[in-house]
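Okay, structure first, notes after.
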2 protein chains.
Amino acid sequence: MLNSPLPRDPIAEAREQWVSHGWASEADAMAAITAVMRTASIYLQRADAILKPHGLTFARFEVLALLGFSKRGSLPMSRASELLQVHATSLTNSVDRLEATGLVQRIAHPTDGRTRLLELNPQGLEVLNAAREDLNKMLFAQSNLAPKDATELFEILSRFRRASCDFL
Amino acid sequence: MLNSPLPRDPIAEAREQWVSHGWASEADAMAAITAVMRTASIYLQRADAILKPHGLTFARFEVLALLGFSKRGSLPMSRASELLQVHATSLTNSVDRLEATGLVQRIAHPTDGRTRLLELNPQGLEVLNAAREDLNKMLFAQSNLAPKDATELFEILSRFRRASCDFL
DNA sequence: TCCAAACCCTTGGAAGTCCAAGTATATTGT
DNA sequence: ACAATATACTTGGACTTCCAAGGGTTTGGA
C-alpha cells in the first residue's frame with residue numbers, strides 16, 4: 001500500500017459525519033477506536049517489515065521474546081497463549097512455523113500428558129537477539145511518539161484494558 | 001479465547017523485562033505499541049461479534065459506512081481504499097462479499113474504463129443503518145474509555161499518524 | 001502517431017486472527 | 001472404581017491483511 005498522504009485525516013472526517021448525523025455522543029469513542037485500529041495496522045506492518053529479514057513476523061517474535069524471558073526456559077503452550085493474549089489456535093499456528101524453522105521445540109510435560117512445553121532452541125535465541133535489536137532500533141526507538149505521549153498512551157490503554165477485564 | 005483475567009498485566013511485565021535487560025529507553029514505546037495492538041484486537045473482536053447478526057464484519061461495515069456518507073452515493077474503488085486506508089486487494093475482498101450478499105454493486109465508470117464505482121443498494125442502506133445503530137449502542141457508547149481519555153487518545157494517535165505521513 | 005509509463009483492479013499465495021469441533025489426558029464426584 | 005466433567009492442544013473453516021504479478025485502459029512524450 002503506497003502511502004501518498006491524504007490531504008485530510010479520514011478519521012477526523014468520519015468523526016464529523018458522526019456528529020452531523022446526530023451521533024455526537026458516540027463520535028469521540030468512534031474516532032478513538034478507529035484510530036487505534038489504524039495505528040495498530042501501521043505498527044504491525046512496520047514491525048513485520050523489520051522482522052522479515054530475520055524470517056519472523058511480529059506474532060512469532062512475541063513467542064520467542066516470551067520464551068526468552070521465562071526463567072526455566074520452557075513454558076506450557078496454554079500459559080504462553082494466556083500471556084500473549086491470543087487464542088490457543090493462533091499460538092499453535094505460530095509454533096508450527098517456529099518449530100519448522102528450528103527456532104523452538106515442543107517437548108512433553110513430565111507429569112501432564114495433555115501439556116506441551118515450549119522451549120527456545122539455541123538458534124532461536126540467536127534469532128531472537130538479532131531481531132530484538134533491530135526492533136528496538138528501528139521501531140521502538142523511532143516510534144513517532146513523543147516520550148510523554150508514549151507514557152500517556154500506555155496509561156490510557158491500561159485503564160481501558162483493566163476496565164475490559166484484560167487483567168485484574 | 002476465554003478471558004479469565006490475568007492477575008498481572010503481561011504488557012507491564014514485558015516492559016519491566018525490557019528495562020531490566022538494558023533497553024530502558026525503548027521500554028515505554030514498546031509497551032505503548034504492544035498495548036495499541038492488544039487494544040485493537042479487543043475492539044475488533046467486540047465489533048465483529050456485534051456485527052455478526054447483521055451478516056457483517058467490521059471491515060465490511062466500514063465500506064458500507066463510507067458509501068453511506070458519499071454525496072453522490074457512489075465512489076471509485078481506488079478512492080474508497082484510499083479513504084479506508086487499506087490495500088486495494090483488501091477492498092476487492094470485502095466488496096466481493098458485499099456484492100455477493102446484494103448490499104453493494106460495482107458499476108462501470110462513465111468515462112474511465114479502468115475504474116469501478118461502488119454503489120450502495122437499498123438493502124445495503126438498511127443493513128448499514130441497523131448495524132450502525134447497534135455499533136453505536138453496544139460498542140462506541142460503551143467503549144470503556146472515559147470521555148477525556150477518548151479525546152486524549154485520539155489526539156495522541158493523530159499526532160502519531162501525522163508524523164507517520166498517514167495524512168498531511 | 002504510437003509506444004512506454006502510469007493507473008485501476010483482480011488473482012493467487014502467505015500469514016495472521018478467531019470459532020467450532022474433535023482427540024487425548026486429568027480430575028472429580030458418587 | 002468409574003462415569004462425567006474439565007483441560008490442553010490440534011484440525012478445519014471463515015475471514016482479514018498484505019504482497020507480487022498480471023490484464024486492461026488511459027495518458028503523455030518522442
Side-chain angles (χ1 to χ4, degrees), chain A residues 1-4 37-52 54-63 75-82 84-101 104 106-118, chain B residues 1-4 37-63 75-82 84-101 106-118:
Chain A
M1 184 172 44
L2 295 180
N3 263 357
S4 51
M37 291 181 176
R38 171 68 186 147
T39 301
S41 128
I42 292 173
Y43 277 128
L44 186 59
Q45 269 177 256
R46 288 182 55 189
D48 281 345
I50 291 166
L51 291 171
K52 190 165 192 171
H54 299 277
L56 290 179
T57 62
F58 192 69
R60 277 174 268 162
F61 169 81
E62 283 192 296
V63 176
L75 216 51
M77 294 201 46
S78 53
R79 180 79 182 129
S81 81
E82 191 176 46
L84 295 173
Q85 298 177 287
V86 297
H87 201 222
T89 55
S90 301
L91 185 62
T92 294
N93 185 323
S94 300
V95 170
D96 281 350
R97 297 170 201 278
L98 288 170
E99 201 170 26
T101 50
V104 142
R106 270 183 253 236
I107 59 184
H109 189 285
T111 67
D112 189 332
R114 298 167 298 180
T115 299
R116 303 303 191 85
L117 295 175
L118 293 182
Chain B
M1 184 174 43
L2 294 180
N3 263 358
S4 49
M37 291 180 176
R38 172 68 185 146
T39 301
S41 130
I42 292 173
Y43 277 128
L44 187 59
Q45 269 176 257
R46 288 182 54 188
D48 281 344
I50 291 165
L51 291 170
K52 190 166 193 171
H54 299 276
L56 291 178
T57 62
F58 193 68
R60 278 175 265 165
F61 169 80
E62 283 192 298
V63 177
L75 217 50
M77 294 201 45
S78 53
R79 181 76 183 133
S81 82
E82 191 176 47
L84 296 172
Q85 299 178 286
V86 296
H87 202 217
T89 54
S90 301
L91 185 62
T92 293
N93 186 318
S94 300
V95 171
D96 282 350
R97 296 170 201 277
L98 288 169
E99 202 171 26
T101 49
R106 269 184 255 237
I107 59 183
H109 189 285
T111 67
D112 189 332
R114 296 168 298 182
T115 301
R116 301 303 193 83
L117 295 174
L118 292 182

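Chain identifiers are assigned alphabetically (A, B, ...) following the order of the sequence lines, protein sequences preceding nucleic acid strands; residue numbering begins at 1 within each chain. The model shown is predicted, which means the values in this text are computed figures rather than measured ones.
For A:Met77, counting side-chain heavy atoms from C-beta on, the closest listed nucleotide (D:dT10, C:dT11, D:dT17) is D:dT10. With D:dC9, C:dC18, C:dC8 as the candidates, the nucleotide lying closest to the side chain of B:Thr115 is C:dC8.
Annotation: side chain of A:Met37 is in contact with side chain of B:Phe58 (closest heavy-atom distance under 4.5 Å). Contact annotation: the side chain of B:Arg60 approaches that of B:Thr57 to within less than 4.5 Å [non-hydrogen atoms, C-beta and beyond]. The shortest distance between side-chain heavy atoms of B:Arg106 and B:Leu118 falls below 4.5 Å. Using a 4.5 Å heavy-atom cutoff, the side chains of B:Pro110 and B:Leu117 are in contact.
Straight-line distance from the CD atom of B:Glu82 to the C1' atom of C:dC9: 15 Å, rounded to whole Å. The nearest whole Å value for the distance from the CG atom in B:Asp96 to the P atom in D:dT17 is 13 Å. We find that CG of B:Leu44 is positioned 11 Å from C1' of D:dT17, with the value rounded to whole Å. Note: CD (B:Gln85) to P (D:dT17) measures 13 Å, nearest angstrom. Between the CD atom of A:Glu62 and the P atom of C:dA15 there is a distance of 18 Å, rounded to whole Å. Rounded to whole Å, the distance from CG on B:Leu51 to P on C:dT17 is 21 Å. Counting to the nearest Å, the P atom of C:dC8 and the CG atom of B:Leu118 are 14 Å from each other. Nucleotide C:dG16 holds its P atom 4 Å from the CZ atom of A:Arg60, rounded to whole Å.
Separating the CG atom in B:Leu98 from the CG atom in B:Asp96 is a distance of 9.0 Å, to the nearest 0.5 Å. A:Gln85 contributes atom CD, which lies 12.5 Å from atom OG of A:Ser90 (distance to the nearest 0.5 angstrom). Atom CD of B:Glu82 sits about 7.0 Å away from atom OG of B:Ser78, to the nearest 0.5 Å. Put simply, NE2 on B:His87 and CG on B:Leu84 are 14.0 Å apart, with the number rounded to the nearest 0.5 Å.
For B:Ser90 and D:dC18, the shortest distance from a side-chain N or O to OP1 or OP2 is below 4.0 Å. A sub-4.0 Å separation between OP1 or OP2 of C:dC19 and a side-chain N or O of A:His87 is present. Residue B:Thr92 has a polar side-chain atom (N or O) positioned under 4.0 Å from OP1 or OP2 of C:dT10.
Nucleic acid contact class of B:Ser78 (heavy atoms, under 4.0 Å, all strands): sugar-phosphate only. B:Arg106 comes within 4.0 angstrom of sugar-phosphate atoms only, judged by non-hydrogen atoms across all strands, and of no base. Nucleic acid contact for B:Arg97: base, since at least one base atom lies under 4.0 Å from a heavy atom of the residue. Using a 4.0 Å heavy-atom criterion, one finds that B:Thr57 contacts the sugar-phosphate atoms exclusively.
Along DNA chain D, the nucleotide nearest to A:Arg79 and the one nearest to A:Lys52 differ in position, and the one closer to the 5' end is contacted by A:Arg79.
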Protein-proximity profile, nucleotides 21-28 of chain D, B/S/- by nucleotide at the 4.0 Å heavy-atom cutoff, equals ---BBS--

